[in-house]
Amino acid sequence: MGPILTLALKDVKLVVRDKFALFWLFAFPLIYALFFGAIFGSDDGDGSRGRMGVAIVDDDGSQASRDLAARLADHSALRVDRVSEGDDAAPLLHSVEDARDLVRRGKLAAYIQILPGFGETPWGMFGGGGDPMIEVGIDPSRTAEAGMLQGVMMESLFGGMTARFGDKDWLLEQTASAREDIAGAADLSGVQKLVFSNFMSALDVFFTQIDFDSLEGDGPGVLAGGADMVNVVEVTRERGNVPRSTFEITFPTAMIWGLMSVALTFAITIVRERTQGTLLRLRVAPISGAQILAGKALGCFLMCQVVMIFLMAVGTLALDIRVASVPLLIVAMVSIACCFTGLMMVASVTGKTEQAVAGASWGLMMPFAMIGGGMIPLIAMPSWLLTLSNFSPFKWGIIAMEGAIWRGFSIADMVMPCTILIGLGAAFFAVGVWIFRRGEG
Amino acid sequence: MIEVRELHKNYGDLHAVDGVSFEIAAGEAFGLLGPNGAGKSTTILMIVGALAPDSGQVMLDGQVDPTRAEVRRKVGIAPQDLAIYDELTGSENLAFFGKLYGMRGAKLAERVDWGLEFAGLEDRRADRAAGYSGGMKRRLNLACALIHAPRIFFCDEPTVGVDPQSRNHIFESIEGLKRDGCTLIYTTHYMEEAERLCDRVAIIDSGKVLAVDTPAALVDQHGGASIVEAEFTEAPPPDLLQRGTFADGWLKLETDRPIEAIAALGKGGADIANLRIRRPNLERVFLHLTGRSLRD
């Protein structure tokens with residue numbers, strides 16, 4: 001073990017002292033993870049990511065329309081600009097022209113226009129035969145969002161109704177107003193007027209005696225909001241585990257990029273040993289060829305671990321990435337490092353010069369990266385590409401890392417990706433050693 | 001100490017080494033003298049077991065397998081390339097190669113200090129080799145090969161591209177190794193180096209050994225006569241001109257007895273402005289054996 005460790009530590013030292021290599025091993029993966037994590041995770045700092053941006057146009061200007069606008073602005077599924085900072089601020093109202101322009105230019109998904117007269121006919125919306133009091137403008141291709149927006153609209157309108165029917169004073173005003181209308185109605189007989197007036201009086205008694213406060217709270221009360229009738233539960237893929245942030249997706253991918261750089265760097269060191277003559281010196285030392293290659297492999301393996309530990313440390317300490325299982329993370333890291341060590345050995349025999357190996361290695365690894373989730377996240381891949389990605393060690397590396405970080409893999413779940421990684425690593429290493437020895441023979 | 005028998009190595013149609021044979025005694029300094037591409041380095045690679053010969057046999061210290069660890073511990077090689085790590089310091093380079101030979105602790109530290117002194121790099125021990133001059137790197141290259149105090153030392157063109165000061169340092173270092181009884185195999189295409197450092201020299205060209213002997217014996221056998229050249233203040237008498245060739249004011253005489261020839265010139269009645277004697281050397285030996293110059 002002595003000479004192997006000596007060789008490995010020498011290579012690690014050489015790599016650490018190479019500023020150019022350091023950039024690709026540490027800085028680039030970190031930049032990658034932070035950049036794409038920030039882009040895909042961007043919510044403008046207000047938690048609005050995943051919410052549908054809409055503009056509100058209030059052409060009615062009544063209390064009812066203002067209430068509806070406020071309810072829409074407060075809805076968790078919508079993102080509505082406000083007149084000032086803070087969730088308590090009133091929603092920013094647009095002209096219909098501005099709103100339509102914002103949607104047309106893709107700045108917002110839709111606009112909601114409350115038409116004049118909405119406040120005068122609050123229930124006309126429910127099939128009363130009158131004209132619609134609200135207009136929604138949305139791109140016809142956004143079918144799903146249109147459906148969701150209709151649902152949000154209905155929920156908000158029912159919320160308005162609930163508020164109205166929970167307002168005792170408003171209800172008494174309505175019965176008083178109805179009583180005046182009955183008294184002045186020319187098409188009602190005296191008996192009919194008496195019956196309806198008594199009914200309104202009974203309603204007054206009912207509204208006066210009922211305890212509205214007791215109708216609030218949980219339960220399917222007659223005035224309860226419609227949303228309470230539907231319980232929304234989160235059902236996610238992968239055994240109910242989801243990444244807590246986009247960094248939990250970008251960091252495993254970035255690690256694989258870093259390990260690709262490690263493999264490439266060490267592949268080049270093997271060629272450099274040959275071209276600068278140090279390989280000859282190693283070969284006439286009292287160590288075997290197997291020990292020389294094992295030293296290279298151990299150096300690459302150790303450097304892979306250093307890169308992964310560095311990125312995990314940044315992720316966990318600075319970006320709140322949480323590891324679901326530390327033991328499984330260690331298993332994943334060992335398996336991935338084995339795979340990339342094998343890949344390094346194959347890459348080292350793809351050319352006779354440093355330039356040739358560098359070029360050929362990128363040519364070897366880039367397709368793996370392209371189909372394996374190095375460029376497009378696995379969770380965003382179409383099914384056919386996901387099938388193709390089975391042939392890439394990148395995919396299994398990312399899955400193993402994600403399995404330990406946020407997919408909540410069990411030991412049994414981890415067996416397949418880790419076995420594939422170690423198997424691929426062994427196969428790559430064997431092929432690389434065979435070609436290397438043929439070349440040195 | 002070293003026995004080489006009928007070594008052959010071909011690369012396609014090229015016979016890089018074509019039946020090379022020689023023997024080297026313990027403590028002897030043996031030179032392989034030949035132009036670039038003559039097969040010197042390939043021969044060395046096969047002797048140390050870094051390259052498998054197509055045929056032939058090598059015995060190092062009585063062992064037929066030069067790849068055995070106990071044989072390799074006795075052997076050091078300074079390749080023609082600068083086989084050091086630029087990103088490591090001088091002492092780190094030495095320590096790394098020392099560790100490969102099993103040295104640790106105080107013994108390793110002692111040998112590292114020796115190596116730095118040997119290479120004249122005590123003051124630069126903590127500097128990375130990348131910042132060394134060509135001569136410093138060349139000296140460190142030698143020191144790395146000697147860190148484990150080998151009994152057999154292969155030195156492949158150690159003075160290529162170095163300044164005169166470093167060259168002299170290298171010569172003195174190698175002469176020190178000779179005094180310490182190290183068996184030395186030295187390849188070069190500089191005949192001055194072979195004459196100065198080697199007890200015996202093998203003239204090698206196109207993969208074949210053309211002659212093996214001491215430098216003096218080679219010169220005697222293949223060097224030809226000495227050449228006396230004289231420049232006269234005026235045209236020399238006709239009887240002097242008949243003894244040699246005259247061109248550009250210089251008379252050139254080939255003779256085995258140069259002192260007598262000079263005396264004869266003095267008695268010839270003409271004033272001599274300049275006089276040169278060129279003794280036969282290994283360059284002339286190579287020219288005689290191959291019809292080409294060493295630097296062709």
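Below, read A as the first sequence line, B as the second, and so on, with proteins coming before strands; counting in each chain starts at 1.
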Whatever's closer than 4.5 Å to a heavy atom in chain A on B/Glu92 counts as side chain

Do B/Arg139 and B/Ser166 pair up side chain to side chain, a donor and an acceptor below 3.5 Å, judged on atom types alone?
yes

Just by distance, no angles: are the side chains of B/Asp127 and B/Thr89 close enough, under 3.5 Å, to form a donor-acceptor pair?
no

Report which part of B/Ala145 has an atom under 4.5 Å of a heavy atom belonging to chain A: side chain, backbone, both, or neither.
both

Pick one of side chain, backbone, both or neither for B/Asn141, based on which atoms fall under 4.5 Å of a heavy atom in chain A.
both

Indicate whether any N or O donor in one side chain lies under 3.5 Å from an N or O acceptor in the other, for A/Glu273 and A/Thr278.
yes

Compute whether any side-chain donor of one residue and acceptor of the other, for B/Glu193 and B/Thr159, lie under 3.5 angstrom apart.
yes

Can you confirm if the aromatic rings of B/Phe30 and B/Tyr186 lie within a centre distance of less than 6.0 Å?
no

May I ask you to name which of B/Pro66, B/Ala78, B/Pro79 has the most heavy-atom pairs under 4.5 Å with chain A?
B/Pro79

Note: vs chain A, highest number of non-hydrogen pairs under 4.5 angstrom among B/Leu45, B/Asp81, B/Val48 is B/Asp81

Under 4.5 Å, counting heavy-atom pairs only, tell me which of A/Thr275, A/Leu282, A/Asp18, A/Leu9 racks up the most with chain B.
A/Leu282

Polar contact flag, side-chain donor to acceptor under 3.5 angstrom, B/Asp54-B/His8
no

Measure distances from A/Ile287 to the heavy atoms of chain B and classify the residue's part below 4.5 Å as side chain, backbone, both or neither.
both

Contact origin within B/Leu88 toward chain A - heavy atom pairs under 4.5 Å
both

Name the region of B/Arg128, side chain, backbone, both or neither, that has any atom closer than 4.5 Å to a heavy atom of chain A.
side chain

Just by distance, with hydrogens left out, do B/Thr187 and B/Asp156 show a side-chain donor and acceptor under 3.5 Å apart?
yes

Name the region of B/Phe97, side chain, backbone, both or neither, that has any atom closer than 4.5 Å to a heavy atom of chain A.
side chain

Under a 4.0 Å threshold between the charged nitrogen and the carboxylate oxygen, would A/Lys19 count as salt-bridged to B/Glu87?
no

Need one label for B/Ile84: side chain, backbone, both or neither, based on atoms under 4.5 Å from any heavy atom in chain A.
both

